[in-house]
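A short worksheet on the structure shown next.
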Amino acid sequence: CPHVETLNLTINNSTSSTTTATACDSYTWSSNGQTYSATGSYTNTTTNAAGCPHVETLNLTINASTSNTTQATACDSYTWSVNGMTYSQSGTYTNTSTNAAGCPHVETLNLTINASTSNTTNATACGSYTWAVNGMTYTASGTYTNNGTNAAGCPHVETLNLTITTSSTNTTTVS
């Protein structure tokens with residue numbers, strides 16, 4: 001006797017999709033919650049609405065952030081070429097910009113500011129005065145300066161405010 005076999009067949013298809021992404025330093029893929037820090041191609045397989053495999057592909061490019069540190073020592077103030085700012089106190093300063101890859105670039109300045117110094121001496125002498133700072137002998141009143149360098153390597157200015165008096169001679173005749 002004839003036998004009839006009937007097959008009602010539904011074919012469901014697998015699906016796939018591809019995401020291309022570029023990030024700085026790391027990337028968290030929403031498809032699987034994983035964080036990646038290297039350039040590469042990654043896959044995640046799940047089940048689609050039809051119950052078939054769904055393959056998600058991530059083509060990832062990771063670009064690196066960059067940084068640079070500069071050590072500097074200056075007298076009184078320092079103008080940082082990175083940002084044009086002038087600093088008058090020692091400290092650590094940072095400037096963030098974007099590198100060629102579109103990622104953060106952090107410049108750090110470790111700055112030491114040394115101070116210039118000065119000293120003023122007021123002196124009065126009769127006839128002449130020899131200034132110990134420079135060994136010069138002065139015979140006229142005035143303000144004199146001597147420029148040098150202090151222990152920190154910065155300018156040191158010595159100022160001499162000098163008054164020269166003349167001696168007077170009195171002759172007394174007794175008769």
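Only heavy atoms go into these numbers, but all of them, side chains included; no hydrogens, no water, no symmetry mates.
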Should Leu160 and Tyr129 count as side-chain neighbours, where that means a heavy-atom distance under 4.5 Å? yes
What are the two closest heavy atoms between Thr35 and Ser26, and how far apart are they? CG2-CB, 3.9 Å
Report the C-alpha separation of Ser90 and Thr112 in whole Å, then their side-chain angles, then the decisive distance to 0.1 Å, and conclude whether the side-chain hydrogen bond (donor to acceptor under 3.5 Å, both in side chains) test is met. CA-CA 4 Å; Ser90 295; Thr112 302; 4.9 Å; no
Which of Asn147, Asn119, Thr145 passes side-chain hydrogen bond (donor to acceptor under 3.5 Å, both in side chains) with Glu158? Answer is Asn119
Could you go through Asn68 and Thr66, starting from their C-alpha distance and side-chain angles, then the distance that decides it, and tell me whether this counts as side chain to side chain contact (heavy atoms under 4.5 Å, CB included)? CA-CA 7 Å; Asn68 184 54; Thr66 54; over 6 Å; no
Is there a side-chain contact between Asn32 and Tyr42, using heavy atoms and a 4.5 Å cut-off? no
Kindly say whether Ala125 contributes a backbone atom to a donor-acceptor pair with the side chain of Thr163 at under 3.5 angstrom? no
Looking at every heavy atom in both Ala140 and Leu162, which two are closest together, and how far apart are they? O-CD2, 3.8 Å
Could you tell me whether the side chain of Ser141 and the main chain of Ile164 form a donor-acceptor pair under 3.5 Å? yes
Walk me through whether Thr139 and Ser128 qualify under side-chain hydrogen bond (donor to acceptor under 3.5 Å, both in side chains). CA-CA 4 Å; Thr139 58; Ser128 68; over 6 Å; no
Here the pair of heavy atoms bringing Cys52 nearest to Asn13 is CB-O, 3.5 Å
Ignoring hydrogens and geometry, is there a side-chain-to-backbone donor-acceptor pair from Asn99 to Ala64 under 3.5 Å? yes
Can you get from Val157 to Val133 by hopping between Ile, Leu, Val, Met, Phe, Trp and Tyr side chains that sit under 4.5 Å apart? no
Report the distance from atom CG of Asn63 to atom SG of Cys24, rounding to the nearest 0.5 Å. 6.0 Å
Gap separating the OH atom of Tyr138 from the OH atom of Tyr144, nearest 0.5 angstrom: 7.0 Å
Would you indicate whether the side-chain heavy atoms of Tyr36 and Ile62 approach each other to under 4.5 Å? no
Heavy-atom side-chain proximity of Trp29 to Leu60 below 4.5 angstrom: no
For Thr108 and Thr94, which I'm curious about, is there any donor-acceptor pair between the side chains at under 3.5 Å? no
Would you say Tyr93 and Asn83 make side-chain contact, with heavy atoms under 4.5 Å? no
From CA spacing to verdict: side-chain hydrogen bond (donor to acceptor under 3.5 Å, both in side chains), Thr46, His54: CA-CA 5 Å; Thr46 59; His54 174 74; 5.1 Å; no
